[in-house]
Amino acid sequence: MACTLSDNSAKGTGKRRSTASVPDLVERARSGDARAVARLISLVEDASPLLREVMAGLAPHTGNAQIIGITGSPGVGKSTSTAAMVKALRAVDKRVGVLAVDPSSPFSGGALLGDRVRMQDHATDRDVYIRSMASRGHLGGLSWTTPQALRVLDAAGCDVVLVETVGVGQSEVEIASLADTTLVLLAPGMGDGIQAAKAGILEIGDVYVVNKADRDGADQVRRDLRNMIALAERGQESWKPPIVQTVAQTGQGVDEVVERIDAHREWMESSGELERRRVRRARNEIEAIAVTALRERWGDVHARTELDDLAEQVVAGQSDPYRAADQLLESYTE
Ligand SMILES: Nc1nc2c(ncn2[C@@H]2O[C@H](COP(=O)(O)OP(=O)(O)OP(=O)(O)O)[C@@H](O)[C@H]2O)c(=O)[nH]1
Ligand SMILES: [Mg+2]
């Protein structure tokens, strides 16, 4: 049975939507039923009211998956590297989930379509789950939907989940807060070396990958990166992020990337960093959900005439913005 979980396969199951109960779906997802996993992730994307029940059912079965974030500029080779890593991880019999998060498009655009073609090798593998998600359109973006989708894949028994997201602005920092290990990809000829410092990637990479090492300039990117990492302030961490050169298309260097990820994992376990990161991630999740709920309530308040009344009072000098804000907040707790 094919386990490729595309958005389309999820959307095509509209009829089943009303029939399966949440406990049944959770049970089926846990046993590795690809359709049940797809349905649960669609519930996440739709911000379904059923999510409370879903997440409560999944919670006891989470915490096993190793979450690996993969970020880098558009076209640097993230998807090609992801496919090569899936291959390497399957060779050591790991169950693998792939989540391709597109922060810019609400639809699965050309890039993700390309990913599916690249992932064809794995499309019939029962132990590989591939899913693309759009994060735009949700309050909180990555911070809201991705961790919930990760919970689904985790509970479904994935040993490793690879999360690919294009490094544009905020998203690479967000991915770092989601992942146990963050891979930052660079490539020669993309001006990455200079951009690296600006974009803040020097703070987030646990393992750096200089891909397209078959092209001129890969050694220079590596040297620049090494110098910049040496200069970057990384706090008291004892982990020194390694730099690996790869040719993702041929798989060259990918085994070393997997080894470095394992080494990082061991370091995190022994140093207590894994636990710290996971607590931080849970904090972010709780905050994202709470803030979303608050914003929804704010929406209600915003629609009320109360805010207009308060604004008029402030304009007339009968009140001040602080007092008006206090009055507005009081109305939440009523
Ligand atoms: N020469 C060379 N080309 C590569 C290598 N890895 C990937 N490419 C090519 O680079 C292009 C972009 O690769 P992708 O894997 O789609 O890159 P991406 O980072 O996922 O791109 P977006 O998802 O669009 O941001 C494709 O044409 C790949 O075939 C490599 O190691 N060497
Ligand atoms: Mg891609």
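As the structure lists them, so they are numbered: ligands from 1, and atoms in each ligand from 1. Residues: numbered from 1 along the sequence shown.
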- Using the side-chain contact (heavy atoms from CB on, under 4.5 Å) rule, take L40 and V44 through it: C-alpha gap first, then chi angles, then the decisive distance, then the call. CA-CA 7 Å; L40 290 180; V44 171; 6.0 Å; no
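- Taking the side chain as every heavy atom from C-beta outward, D33 and E27 never approach each other to under 4.5 Å.
- Interface atoms of ligand 1 facing D214, defined by a heavy-atom separation under 4.0 Å, are 1 (N), 2 (C), 30 (C), 31 (O), 32 (N).
- The backbone N or O of A38 sits less than 3.5 Å from a side-chain atom of R131, completing a donor-acceptor pair.
- When only interatomic distances are considered, the shortest N/O to N/O separation between S81 and ligand 1 does not fall below 3.5 Å.
- Not counting sequence neighbours, the partners of R276 by the salt bridge (charged side-chain N to carboxylate O under 4.0 Å, His left out) test are E273.
- The closest approach between G75 and ligand 1 falls below 4.0 Å for a heavy atom of the residue.
- For T82, every N, O or S atom stays at 2.8 Å or more from the Mg ion (ligand 2).
- Atoms of ligand 1 lying under 4.0 Å from any heavy atom of P74, numbered from 1 in the order shown and given with element: 25 (O).
- If you put the vertex on the Mg ion (ligand 2), OE2 of E164 and OG of S79 sit 80° apart, to the nearest 10°.
- Every residue was checked against the salt bridge (charged side-chain N to carboxylate O under 4.0 Å, His left out) condition with D326, not counting sequence neighbours, and none meets it.
- Counting heavy atoms from C-beta on, the side chains of L183 and K78 never come closer than 4.5 Å.
- Atoms of ligand 1 lying under 4.0 Å from any heavy atom of E164, numbered from 1 in the order shown and given with element: 20 (O), 23 (O).
- Panel note: side chain D320, backbone Y322; a donor-acceptor pair is recorded below 3.5 Å.
- Under a 4.0 Å criterion applied to the non-hydrogen atoms of V247, ligand 1 contributes the atoms 31 (O).
- The heavy atom nearest to atom 10 (O) of ligand 1, out of those in Q252, Q245, K212, is found in K212.
- The shortest N or O to N or O distance between T246 and ligand 1 is not below 3.5 Å.
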